[in-house]
Number of protein chains: 2
Amino acid sequence: MVTIRDVARNAGVSIATVSRVFNGSSHVSAESSRSVRAAAKRLDYWPHGGARSLTTSLTHTMGVLLPDLFGDFFSEVIRGIDRAAREQHFQIVVSSSHADTEEMLAAARFMQGRIDGLIAMVPDKGSAAAIRRIASRFPVILLNPRFEVAGCSTISIANFGGARAAVEHLTQLGHRRIAILKGPGGNVDAEERLRGYQQALRDAGLQPDPELELEGDFSQVGGHRCASELLQLAPRPTAVFAANDYMAVGLMSALRDAHLEVPRDFAVAGFDDIAIARYMNPPLTTVRVDAQELGQRAALALITSMQAPSKPSPTHTVLPAALVVRVSCGSAANGSRAARSRPRLSAGG
Amino acid sequence: MVTIRDVARNAGVSIATVSRVFNGSSHVSAESSRSVRAAAKRLDYWPHGGARSLTTSLTHTMGVLLPDLFGDFFSEVIRGIDRAAREQHFQIVVSSSHADTEEMLAAARFMQGRIDGLIAMVPDKGSAAAIRRIASRFPVILLNPRFEVAGCSTISIANFGGARAAVEHLTQLGHRRIAILKGPGGNVDAEERLRGYQQALRDAGLQPDPELELEGDFSQVGGHRCASELLQLAPRPTAVFAANDYMAVGLMSALRDAHLEVPRDFAVAGFDDIAIARYMNPPLTTVRVDAQELGQRAALALITSMQAPSKPSPTHTVLPAALVVRVSCGSAANGSRAARSRPRLSAGG
DNA sequence: TTGTAAGCGTTATCAA
DNA sequence: TTGATAACGCTTACAA
């Protein structure tokens, strides 16, 4: 390995001078600068990032803790983080799928001394104490948090508002018996979307009915599985709100297998607006969430808070979730030809 | 920040002893060990990873260089890497979307001293020299490479064989005029799949026709856009092989808009077997590629090569791509009711 | 079994 | 403008 010492020797200067050249110090003669650069090029010298950050205690790296990396949503979040990070000349170290709090803590521990700050998405409430411990060591930005952590900025998605808008769309189309495919138990997003669903029902003078709340798991397979359960309900619902698009995809496929037609026999709405939603058959009415922006904002917030001279007071951002009306909910319940509702935005959570 | 020195002082021992306790050295008395652990707990001591790896010159981290992070494929690759890495107690630092070779090189340079090895996916041939430079500093595993780099192990996907199998499926169904939606120019995967398509045609005694090779870009929008071009071809093709599933999705959506039915009016085959392929309407016949395994194998290969006492000779693995027959290609060309071909595997590249 | 001290490859503080 | 040299937080001979 070529070190700063080799370059110094080769250029006939001290290591301090080499360091100065590479860090853009102005107090270097043109002559020295030239010979240092020449030597570095000759030797193909690459500075050792680890050593550098040991002295500066700046790593120019941010950690990312996610529950999983599966599917459009997480990949878009990471993409957003990566994009914003690169623009600010930051790298990211990613760690996901922690079986339990202990494993998550181990990952964070490992990052100690390798990152300047952390972006964490922790859907599990039991990890609050762990996050607090982590947040006492470096700046932490929380994504869609279930809990408050003193001093941590948060960025969330308007799960409640988005779900409410989707279900309101269904009630306005005349549907009275609307089922929901819930997300996995204990998941914040799932719970908030369920709340939004229930609120929209109440807003329409309907009573939430536990029988209509089907257990899902955010997966296509899960959505597919729910279909039979759905079809056994009596009287049969006329509409379904799937708490995410993957479940809607699975459900619609199962309905097709059962020779049921969407939206004629069932209105179906989803959540997330995954890339293929608009290309589905029929195109899926869903709630758009900008996962990439979630990541981007988090990265920017983190960099801001790391570069702040004193610990800034935390901010809490909620990204809007907008209803996107396509075809899968049809125009009106039970085939009656009511006016088709227009696309509308739901601004808050 | 609590350092090893604080723990030593608090426990009444030297820093060497603290270090020994944390590194599981046997030459420590039970008494010392106990008091060190107690002190560490009291102070909530977390070792500084960067400092540790400076002395050991082991970072327990691997770098990942990808062209992008968009879509199912890359997210599954990262997921596979992350999974295998965690099992071996490795972390990953990710960097993607490098506009040019210079930017990619900068990312690798930045990683110097922070990683033990690198997994790189570089679809651009012009980066060969850069990769060679990188590979001279630490072990590099190449994913789907376009070029050879001395000493680098590679893991690829059977693009050629998979595409050939898909198109062979179409010819066996009786199709004679088969178009292809090509991937972006300069992309290895795209080029290999095109080669496979052409070979399958020749195998069936058909002459590849440039007119039938439509320019695509691996995106849904691109697939959608190709539809009109496709429909203007005279005589009109009866089948289309899309070089990836996203384009197939966009194409099928456009065909639907044009009141054309798949597979009745067009047989459509894709490549990748993305998560929703089986749930599409109609379910998509495609070529399955295990992106996660690609990542997993790469991580394992990297760890193996890093831990080898001497530089091991490079290996070149090709992951099979298996044809998955669903509905989108129908049973026989032009509505004739030929026997439906069975799912079959294509083993090689 | 323990402690002292010499690194690891940098940056940063002094004098010169 | 330069060069010694002391950090940075840790591991690891080597001595005791």
Side-chain angles (χ1 to χ4, degrees), chain A residues 1-40 43-61 91 109-116 137-138, chain B residues 1-40 43-61 91 109-116 137-138:
Chain A
M1 171 180 198
V2 179
T3 74
I4 198 173
R5 231 167 287 272
D6 300 315
V7 178
R9 201 174 306 125
N10 197 286
V13 298
S14 75
I15 58 167
T17 298
V18 177
S19 174
R20 285 190 192 102
V21 170
F22 274 87
N23 291 293
S25 164
S26 49
H27 303 292
V28 175
S29 70
E31 167 66 16
S32 297
S33 178
R34 215 175 309 117
S35 67
V36 165
R37 277 179 213 290
L43 272 43
D44 198 18
Y45 166 67
W46 285 10
H48 187 291
R52 176 177 279 180
S53 61
L54 185 59
T55 43
T56 57
S57 52
L58 246 42
T59 64
H60 272 273
T61 303
Q91 293 284 334
R109 216 180 137 115
F110 184 93
M111 290 178 180
Q112 162 92 357
R114 301 180 205 272
I115 62 173
D116 296 332
R137 314 190 104 86
F138 29 69
Chain B
M1 173 179 200
V2 178
T3 74
I4 199 173
R5 233 167 286 274
D6 300 314
V7 178
R9 200 175 307 127
N10 195 285
V13 298
S14 76
I15 58 167
T17 299
V18 177
S19 174
R20 285 187 191 106
V21 170
F22 274 87
N23 292 295
S25 162
S26 49
H27 304 293
V28 175
S29 71
E31 167 66 15
S32 295
S33 178
R34 215 175 310 119
S35 67
V36 165
R37 277 179 213 290
L43 272 44
D44 199 17
Y45 167 66
W46 284 11
H48 187 291
R52 174 177 282 179
S53 62
L54 186 57
T55 44
T56 57
S57 54
L58 246 42
T59 65
H60 273 273
T61 303
Q91 293 284 333
R109 216 179 138 116
F110 184 93
M111 291 179 181
Q112 161 93 355
R114 300 179 206 271
I115 61 173
D116 296 332
R137 314 190 104 87
F138 29 69

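Chain identifiers are assigned alphabetically (A, B, ...) following the order of the sequence lines, protein sequences preceding nucleic acid strands; residue numbering begins at 1 within each chain.
Computed from coordinates, the A/R9 CZ to C/dT10 C1' distance equals 16 Å when rounded to whole Å. In this structure, B/H48 places its NE2 atom 13 Å from C1' of C/dC8, rounding to the nearest Å. The CH2 atom of A/W46 sits 13 Å away from the P atom of C/dT10 (whole-angstrom rounding). Atom CD1 in B/I15 sits about 12 Å away from atom C1' in C/dG7, given to the nearest Å. Following rounding to the nearest Å, A/R20 (CZ) and D/dT1 (P) show an atom-to-atom distance of 10 Å. Distance CE (B/M111) to P (C/dG9): 21 Å, rounded to an integer number of Å. The distance from atom CZ of B/R5 to atom C1' of D/dT11 is 12 Å, rounded to the nearest whole Å. Look at CZ on B/R114: it is 15 Å from P on C/dG9, rounded to the nearest Å.
Taken to the nearest 0.5 Å, the CG atom of A/N10 stands 4.5 Å off from the CG atom of A/L43. A/H60 contributes atom NE2, which lies 14.5 Å from atom CD1 of A/I115 (distance to the nearest 0.5 angstrom).
A close approach under 4.0 Å does occur between a side-chain nitrogen or oxygen of A/H27 and OP1 or OP2 of D/dT1. Neither OP1 nor OP2 of D/dT1 sits under 4.0 Å from any side-chain N or O of A/S29. Distances shown here put a side-chain N or O of B/S14 below 4.0 Å from the OP1 or OP2 atom of C/dG3. Distances shown here put a side-chain N or O of A/S19 below 4.0 Å from the OP1 or OP2 atom of C/dT11. For D/dT11, one of the phosphate oxygens OP1 or OP2 lies less than 4.0 angstrom from a side-chain nitrogen or oxygen of B/R52. Within the 4.0 Å cut-off from OP1 or OP2 of C/dG9, not a single side-chain nitrogen or oxygen of A/T3 is found.
No side-chain donor from either of B/T56 and B/S53 sits under 3.5 Å from a side-chain acceptor of the other.
Here B/S32 lies in heavy-atom contact (under 4.0 Å) with sugar-phosphate atoms only. In this structure, A/F22 reaches neither bases nor backbone, as no heavy-atom distance under 4.0 Å exists between it and the strands shown. In this structure, B/S53 reaches neither bases nor backbone, as no heavy-atom distance under 4.0 Å exists between it and the strands shown.
Distances were taken from every side-chain heavy atom of B/T55 (C-beta onward) to each of C/dG7, C/dG9, C/dG3; the shortest belongs to C/dG7.
Listed here is the closest heavy atom pair of B/A11 and B/A39: CB-CB, 3.7 Å. Here the closest non-hydrogen pair linking B/A51 and A/L54 is CB-CD1, 3.7 Å.
Between B/T56 and A/L54, the residue anchored closer to the 5' end of DNA chain D is A/L54, taking for each the nucleotide with the nearest heavy atom.
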